[in-house]
There are 2 protein chains.
Amino acid sequence: MAPRKLKSPASPKVVASEPPPSPARRQHKADAKAAKSAAPAKGAAPAKPRPLTRIQREKQDIILEAALEVFSAHGFRGSTIDQIAEVAGMSKPNLLYYFPKKEEIHRRLMSELLVTWLAPLEEMRADGDPFVEIRSYIRRKLEMARDFPRQSRLFANEMLRGAPHIIDMLEIDLKALVDEKAQVLMTWMDQGKITRTDPYHLIFSIWATTQHYADFDVQVRAVLGKGRGGDGRFEDAARYLEQLFLYGLTPRPRA
Amino acid sequence: MAPRKLKSPASPKVVASEPPPSPARRQHKADAKAAKSAAPAKGAAPAKPRPLTRIQREKQDIILEAALEVFSAHGFRGSTIDQIAEVAGMSKPNLLYYFPKKEEIHRRLMSELLVTWLAPLEEMRADGDPFVEIRSYIRRKLEMARDFPRQSRLFANEMLRGAPHIIDMLEIDLKALVDEKAQVLMTWMDQGKITRTDPYHLIFSIWATTQHYADFDVQVRAVLGKGRGGDGRFEDAARYLEQLFLYGLTPRPRA
DNA sequence: CTAACATTTTTCCAACTGGTCAAAAATCTT
DNA sequence: AAGATTTTTGACCAGTTGGAAAAATGTTAG
């Protein structure tokens, strides 16, 4: 039908099986046994962390996908392992074989999420045209709200709870990134290319306006009603936000 | 210190003891007993709903306040009756005497919340100056984010979950209100007083940008850091948002 | 003062939850 | 095909949770 201006990003796969940055503490009972029976050497190799099998990687991905579904809809405490296991199509003990703790699943999800979440801002290039860059950033964020609403809600959930699991990442990594990009924005302001204003709150307002369409989706749909609540709402939002961030609400003479 | 431009609203009391619009189904065991033993008349007065006593009203308010505290921080399923009871300074069974179901507490909280929540938009007058009205609305919403962050988070929580308890109020009352105000905005656009744009998304963007400061407070603080994360952030936000909604980011010649 | 009612506390419970464990089944290696 | 390893299952458990019942204690109108 209507040509979608807001293009989908290529990868539908968000819950990527991350190559363990923190070496995926599996510690199967089998592993433990093996370690006990086969490593008498005292100062020897420090418990060679046996690479993940194919099945392990596959199942972990399935579980993470299911957990995303459940956690994003009910929050951490509101979700049960049974629920996740059911969505993942396996039994609870089986799930617990791959992730020995409920928290572990959540932790993994969160650390992967944060990377995904920061990516769009990282792409904002200092050497590009300010308006093009900002506009692109807004579009990317809006696309994420459209295509990955569960991730957005998972993130929002964590924020609402005071971000207990990622507060330090926020204070360090996120802050560093935003500081850097705020500098970029300030440079553009110094050059008179965009109006002088608070770069931090500018970034906040982009986050807020775009994520709103994922996090408050019910409300948006309810207000727009059947007529306009359909698929077109993201295009409308994109158009409106462009207008807002470019010119605000002051009427300007028709060009 | 710095004079606060953003003035506090007078009333710190948000969890008002609502005069039962839905007649507060109390049904004490005592009540039940009385009804059974004292109402043999078949078609008689339909179980006169005994007016609430002083203590009942007071305790209910205390409970609602405690529940707001707990629910807004942990979500519905993440909160326990014990927790709420402890914050309210009473025992669990005692609390259950006033609200026989956990859900009941939440329901009450939500219906009161929605009223509070819609109020600021209702105040936007069609016969005022567009920019003054919009600016005031933004300020009011921002003040609510600052002064009633728990309510904001409670609301956000419900939205994230798909608004199961208030979806119909959203589709009816909220929609009606927004439709009305969208009309007002359209009139202003027709008169050339504000730029022509999507009035619904305009309202969404006001909601999003203001509530962000309550719902994502941790993130805002983490990014602003110790230096700027303090009390000043709401003034900064107010200034920035005014700029954004008025002129956007396009530089304009100094007046 | 006291009967009638309102409130509070104590005790209890059934369902649910996160998690364990040993044994069975499936898979992989040689 | 046998042996070794990994995966899956079923039974089980201890702690928590929402909630019921009943007894004990206040409170107040007459």
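Sequence lines set the chain letters: A, B, ... in the order given, protein chains first and strands last, and positions in each chain run from 1.
Checked against C/dT7, D/dT9, D/dT7, the side chain of A/Ser91 finds its nearest nucleotide in D/dT9. Listed candidates were C/dT20, D/dG19, C/dT9. Nearest to the side chain of B/Lys101 is D/dG19. Residue B/Lys59 has its side chain nearest to C/dT8 when only C/dT8, C/dT20, D/dT7 are considered.
For B/Ala73, the side chain to side chain contact (heavy atoms under 4.5 Å, CB included) criterion is met by no residue, not counting sequence neighbours. Applying the side-chain hydrogen bond (donor to acceptor under 3.5 Å, both in side chains) test to B/Glu171 and every residue at least two apart in sequence or in another chain returns nothing.
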Side chain to side chain contact (heavy atoms under 4.5 Å, CB included) evaluation trace for B/Tyr98 with B/Glu104: CA-CA 10 Å; B/Tyr98 292 102; B/Glu104 206 64 26; over 6 Å; no

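A sub-4.0 Å separation between OP1 or OP2 of C/dT9 and a side-chain N or O of B/Asn94 is present. Dashed line: the shortest gap from a side-chain N or O of A/Tyr97 to OP1 or OP2 of C/dC21 is not under 4.0 Å. For D/dT8, the OP1/OP2 oxygens have a side-chain nitrogen or oxygen of A/Tyr98 closer than 4.0 Å.
Closest approach of B/Arg228 to B/Arg233, counting heavy atoms only: O-CB, 4.0 Å.
With rounding to whole Å, A/Glu103 atom CD is found 13 Å from C/dG19 atom C1'. Atom-to-atom, CD1 of A/Ile84 to P of C/dG18 comes out at 8 Å; the value is rounded to the nearest Å. Between the CD1 atom of A/Ile62 and the C1' atom of D/dT8 there is a distance of 14 Å, rounded to whole Å. Remark: C1' of D/dT7 and CZ of A/Arg57 are 16 Å apart, rounded to the nearest angstrom. Across the protein-nucleic acid pair, A/Leu96 atom CG and D/dT9 atom P stand 13 Å apart, rounded to whole Å. In this structure, the CD atom of A/Glu58 is 17 Å from the P atom of D/dT6, given to the nearest Å. Atom P of nucleotide D/dT17 and atom NE2 of B/His74 are separated by 11 Å, given to the nearest angstrom. In this structure, B/Glu86 places its CD atom 14 Å from P of D/dG18, rounding to the nearest Å.
Between A/Arg139 and A/Glu143, no side-chain nitrogen of the basic residue sits less than 4.0 Å from a carboxylate oxygen of the acidic one, so the salt-bridge criterion is not met.
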For nucleotides 12-17 of chain C, give me every protein contact, N/O to N/O, under 3.5 Å, one pair per line with atom names.
from: C/dT17; atom 1: OP1; to: B/Arg77; atom 2: NH2; distance (Å): 3.4

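No side-chain donor-acceptor contact under 3.5 Å links A/Lys101 to the backbone of A/Leu96. Listed for the A/Lys141 side chain is no donor-acceptor partner under 3.5 Å among the backbone atoms of A/Thr209.
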